[in-house]
Amino acid sequence: MDKAYNPQTVEEAIYKMWESGGYFSPRKARGKPPFSILLPPPNANADLHVGHAMYVVEDIMIRYHRMKGDPTLWMPGADHAGFETQYVYEKHLAKAGKSRFDFDRETLYKDIWAFVQTNRGTMENQLRRLGFSLDWTRNIFTLDPKIVETVYQSFKQLFDEGLVYRDKRLVNYCTKDGTGFSDLEVLYVQRNDPLYYIKYGPFTIATARPETKFRDTALAVNPKDKRYKQYIGQTLEIMGLLGPIKMTVIPDPHVDPKFGTGIMKVTPAHDPHDFELGRQFNLPVTPIIDFRGKMDFSWFLNPIPGIKAAPIPGIEKYRARAEKYHGKKVAVVRPLMVEDLKADGLMVKIDEAYSHRIGTCWKCGTVIEPLPLEQWYIKVAPLAAEAKKAIETKKVTFVPKRFEKTAKQWLTNFHDWNISRQNVWGIRIPAWRCVDCDKRQETGDRKEHWIVTEGNKPEKCPACAGTDLVQDTDTFDTWFSSGQWPFATLRATGDKEKTADNKEQTAAKEKNDYEYFYPTSVMETGYDILPWWVCRMLMLGIHLTGQVPFQTVYLHGLVRDAQGQKMSKSKGNVINPLKMVDQYGADALRMALVFGTGAGNDQALSEDKIRGMRNFANKLWNIARFIEMSEPAGKDSGNPEDSRNQTKNAEIPLYDETMHKELKNSSDKRIISETNMLVSGVTKDIERYRFSDAAQKIYDFAWHTLADVHLEKNKERFKSGDAQAIAVLHHVFLTILRLLHPFMPFVTEEIWGKLPKKTTDPLIISPWPGNTK
RNA sequence: GGAUCCGUAGCUCAGUUGGUAGAGCGUUGCGUUUACAUCGCAAAUGUCAGAGGUUCGAUCCCUCUCGGAUCCACCA
């Protein structure tokens with residue numbers, strides 16, 4: 001054995017041995033409860049970051065259960081990550097001076113598909129580098145036909161049940177990325193903007209968005225506000241930048257009399273709250289900002305033919321203004337309007353230090369425009385109620401427990417979920433409109449209707465038998481498909497079982513993965529995607545399968561830099577997990593992430609800490625070297641090559657029951673009993689998801705009890721060839737290797753292979769230790 | 001406005017049935033011809049944010065205060 005442990009030289013070979021040995025695949029067996037985890041599928045097109053390395057927690061559970069002999073499945077996968085991937089690809093295109101609009105839909109999709117395929121392998125190999133014992137024979141992708149099939153079916157079922165509906169309302173629209181989002185993708189930031197006080201007929205109103213004022217359709221006051229009460233119901237003519245407008249005063253209890261002047265202008269087309277008011281009071285939805293984020297005055301400049309507007313005095317001035325504003329971006333137009341308001345004497349005052357929260361695109365930072373658009377929505381309330389009930393009845397439990405409350409809060413507050421995205425990269429929504437019916441709808445003949453299928457284009461319209469059918473161009477929100485991940489994946493795998501290698505396996509083979517492993521045991525992921533993913537899997541999973549998708553949710557925290565700062569490229573404090581693996585070995589990184597980390601809490605990760613764990617791996621290595629040197633045969637032979645010699649191994653006295661009964665030496669007795677305590681302690685910790693405690697116990701015992709104390713104290717006995725002393729040491733150390741294997745799989749496996757023992761099995765499938773009796 | 005988390009050794013953090021405080025890294029001193037300098041031995045430093053309360057006893061439970069962070073919410 002070399003003087004120091006070199007992870008670089010052994011890790012790859014060991015992983016290959018595990019993978020080709022088939023040890024990652026579950027051995028289904030009757031009578032044994034299975035243990036299963038689905039890897040949260042990383043984006044197919046991106047490299048892993050340290051956060052992904054936290055999945056080590058899953059590997060710990062998986063390896064532990066595998067060693068316990070449970071039929072254990074850890075399923076890998078990749079996420080097409082719809083919008084995000086398209087975003088990355090568009091950046092890629094931009095570098096080449098192109099945009100997505102240079103391609104037709106099919107070409108763009110194909111190109112992104114190719115782009116993703118070339119990148120996908122990188123991410124998967126990185127998972128291997130981290131030592132993750134994933135069953136690659138079941139590797140799956142969110143766009144695999146079987147997954148897509150399930151997603152279609154789910155959509156159709158929800159549609160048939162009335163839980164999916166189509167509606168035109170204000171969506172969170174990013175005018176730069178050209179798509180709408182659900183509420184969760186809107187990132188609110190605190191910002192300072194001027195608050196304009198504008199003369200509005202007899203009133204003054206305060207607004208941060210003067211540009212929407214052209215399409216105000218009402219004024220709202222608090223019905224309890226004595227100042228304005230008498231105006232409620234009145235219709236007033238108000239002078240604006242484009243001439244007079246008629247507006248009715250409506251009551252709205254949400255208006256805060258203390259804010260601004262206590263009067264709120266109502267723009268149903270561009271404010272979610274106003275939109276709701278509009279529905280209540282039957283106000284028209286009249287947009288003035290288009291989907292590119294530009295001002296649209298065509299309604300003023302080109303009035304609908306046939307409708308004659310009353311002549312407006314000063315129309316020329318107004319026309320010139322409208323032309324000036326038309327087609328320009330909001331940010332450009334706002335100052336122009338402010339000037340014109342001042343010129344007309346309508347600007348009362350400007351409060352420059354107005355701080356408010358404003359919605360931005362989570363990806364590109366553009367201000368989100370609420371714009372009226374037809375989208376597919378999921379009626380969340382009934383699904384959320386089922387999910388909440390599952391939490392309350394403990395069908396699903398959370399570690400740490402406090403996230404139960406967070407989850408329930410989310411489930412209470414969700415609005416209906418917009419699942420339409422104006423992207424190409426994704427699963428296209430299987431819904432068609434009948435063109436003929438649409439025409440009839442225009443004349444008010446019939447309501448619009450959609451034909452939803454399980455993916456196939458319908459042959460004809462069930463209403464009018466028309467064959468001119470047009471598919472919705474939108475794709476599903478990525479989270480709609482990943483929200484079905486647990487059952488979609490298990491239904492897609494497992495029916496191609498390898499040849500059974502024992503009778504039990506044959507018996508269990510009849511059951512496919514879904515029947516066998518669903519519901520999964522644990523869902524382990526970062527707490528930051530609790531609402532996006534965990535809650536949605538609960539809602540969709542429970543509703544569509546009648547069972548919770550997983551029994552326990554374990555949430556880990558964010559990995560931050562050594563000073564506890566959030567890692568970001570701009571700060572330059574990003575730790576690249578693969579670089580750490582190259583430098584210190586996967587075991588060191590894994591241990592560093594688990595050691596001293598509380599579940600659900602963010603952690604600070606430093607290179608020093610990783611180095612410290614690398615030192616621990618080396619310590620283990622040297623304990624092994626010491627044992628090897630102390631073994632009788634090793635003493636006689638001066639040839640280091642003999643250490644791998646099986647004949648020699650056979651001569652080593654191995655610890656067994658007989659020897660245990662005959663133990664006399666107090667030092668030996670004590671270390672054995674301490675080892676037994678360690679075994680039960682570590683086992684208990686893992687069962688209770690207290691991985692940090694388990695890791696610390698093993699670390700402390702191996703280094704400070706076994707190496708520092710027992711080994712030093714008994715050095716003379718080992719050197720003099722005391723067979724019992726050596727056998728005890730050997731036994732204790734093998735036990736440590738087994739306990740530590742889930743945490744540091746490579747170094748333990750490597751050492752395991754070098755030490756004599758009764759079995760020839762690799763450590764990965766050797767049994768979890770129990771107490772020595 | 002609501003919710004959550006954190007404030008423990010110089011730094012980063014563990015500490016779940018409440019019983020005289022722990023780890024990693026760092027620091028100091030000593031040591032080392034064969035397990036390991038990616039080391040060993042020894043050592044130092046803590047009013048466990050503050051104040052009350054419950055208790056025989058609180059870092060741990062309750063209340064409040066002060067500081068730091070995060071998430072949510074239709075203040076135009």
Side-chain angles (χ1 to χ4, degrees), chain A residues 1-6 170 183-184 187-188 195-196 205-209 212-213 216 219-220 252 254-267 270-277 354-357 359 370 400-403 405-406 408-410 412-415 527-528 530-531 557-558 560-566 584-585 588 591-592 594-630 688-690 692-693 695-697 699-700 703-704 707-709 711-712 715 718-719:
Chain A
M1 286 173 81
D2 293 337
K3 204 169 173 188
Y5 172 60
N6 278 314
L170 296 194
D183 294 340
L184 292 181
L187 191 69
Y188 288 92
L195 185 65
Y196 304 99
I205 55 110
T207 181
R209 304 205 59 185
T212 61
K213 144 184 170 62
D216 293 349
L219 287 169
D252 176 11
H254 290 280
V255 173
D256 177 3
K258 287 192 238 58
F259 183 90
T261 56
I263 304 179
M264 186 180 84
K265 69 193 202 64
V266 181
T267 322
H270 296 295
D271 181 279
H273 177 69
D274 294 1
F275 185 82
E276 288 308 314
L277 277 180
Y354 172 59
S355 170
H356 64 153
R357 267 160 55 94
K401 206 170 182 302
R402 70 181 130 94
F403 285 111
K405 196 171 176 184
T406 317
K408 281 205 309 206
Q409 221 161 45
W410 274 109
T412 310
N413 295 328
F414 277 135
H415 296 302
Y527 68 76
D528 51 329
L530 176 66
L558 268 54
R560 296 162 175 272
D561 77 0
Q563 279 72 47
Q565 300 293 309
K566 210 167 184 172
Y584 303 108
M591 194 67 169
V594 174
F595 202 88
T597 309
N601 287 348
D602 293 353
Q603 66 164 307
L605 179 68
S606 63
E607 203 168 326
D608 273 344
K609 192 175 178 188
I610 301 171
R611 202 177 291 124
M613 295 305 146
R614 185 270 317 260
N615 293 352
F616 178 53
N618 192 55
K619 188 75 189 176
L620 294 169
W621 182 259
N622 278 293
I623 296 172
R625 285 183 68 205
F626 179 81
I627 291 173
E628 190 185 49
M629 266 181 198
S630 305
R688 292 179 184 173
Y689 307 99
R690 305 189 58 77
S692 171
D693 288 357
Q696 298 216 31
K697 277 193 180 95
Y699 180 102
D700 185 64
W703 202 318
H704 303 303
D708 289 354
V709 179
L711 201 147
E712 292 297 334
K715 222 161 194 171
F718 302 129
K719 282 187 179 172

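The model shown is predicted, which means the values in this text are computed figures rather than measured ones. So you know, we letter chains A, B, ... as the sequences are listed, proteins then strands, and number each from 1.
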J.: Quick one: which of rG15(B), rA35(B), rU38(B) gets closest to the side chain of N618(A)?
T.: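 For the N618(A) side chain, the nearest candidate turns out to be rU38(B).
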
J.: Using a strict 4.0 Å threshold on nitrogen-to-oxygen distance, state whether E628(A) and R625(A) make a salt bridge.
T.: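 Answer for the salt bridge query: no.
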
J.: Taking the six-membered ring for Trp and the single ring otherwise, decide whether the centroids of F718(A) and F626(A) are under 6.0 Å apart.
T.: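 Yes, the ring centres sit under 6.0 Å apart.
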
J.: Closest to the D256(A) side chain: rC74(B), rC75(B), rA35(B)?
T.: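 Closest nucleotide among those given: rC75(B).
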
J.: Please tell me which of the listed nucleotides, rC39(B), rC36(B), rU4(B), lies nearest to the side chain of W703(A)?
T.: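 Nearest to the side-chain atoms of W703(A), counting from C-beta on, is rC39(B).
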
J.: Can you identify which nucleotide, out of rU38(B), rA23(B), rA35(B), has its nearest atom closest to the F595(A) side chain?
T.: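 Nearest to the side chain of F595(A) among the choices is rA23(B).
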
J.: What about K619(A), does its side chain sit under 3.5 Å from the base of rC36(B) through a donor-acceptor pair?
T.: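 Under the 3.5 Å cut-off, the side chain and the base do form a donor-acceptor pair.
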
J.: Above 12 or not: heavy atoms from other molecules or residues under 6.0 Å from CZ of R688(A)?
T.: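 No, because the 6.0 Å sphere around CZ of R688(A) holds 12 heavy atoms or fewer from other groups.
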
J.: Can you say whether a donor on the side chain of Q565(A) sits under 3.5 Å from an acceptor on the base of rA69(B), or the other way round?
T.: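 Side chain to base: no pair below 3.5 Å.
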
J.: Taking only the side-chain heavy atoms of D708(A) (C-beta and beyond), determine which of rG24(B), rC41(B), rA35(B) contains the nearest atom.
T.: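 The listed nucleotide nearest to D708(A)'s side chain is rC41(B).
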
J.: Can you find an N or O donor on one side and an acceptor on the other, under 3.5 Å apart, linking the side chain of R402(A) with the base of rU4(B)?
T.: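 Under the 3.5 Å cut-off, the side chain and the base do not form any donor-acceptor pair.
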
J.: Check whether any side-chain N or O of H415(A) sits under 4.0 Å from OP1 or OP2 of rC74(B), and answer yes or no.
T.: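 True: H415(A) side-chain N/O within range (under 4.0 Å) of rC74(B) OP1/OP2.
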
J.: Out of rA14(B), rG24(B), rA73(B), which has the shortest distance to the side chain of N601(A)?
T.: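 The nucleotide sitting nearest to the side chain is rA14(B).
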
J.: Could you state the atom-to-atom distance from CD of Q696(A) to C1' of rC25(B) in whole Å?
T.: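 It is 13 Å, rounded to the nearest whole Å.
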
J.: Kindly assign one of parallel, tilted or perpendicular to the pair Y527(A) and F403(A), based on the angle between their ring planes and the thresholds 30° and 60°.
T.: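 Rings of Y527(A) and F403(A): parallel, as their planes differ by under 30°.
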
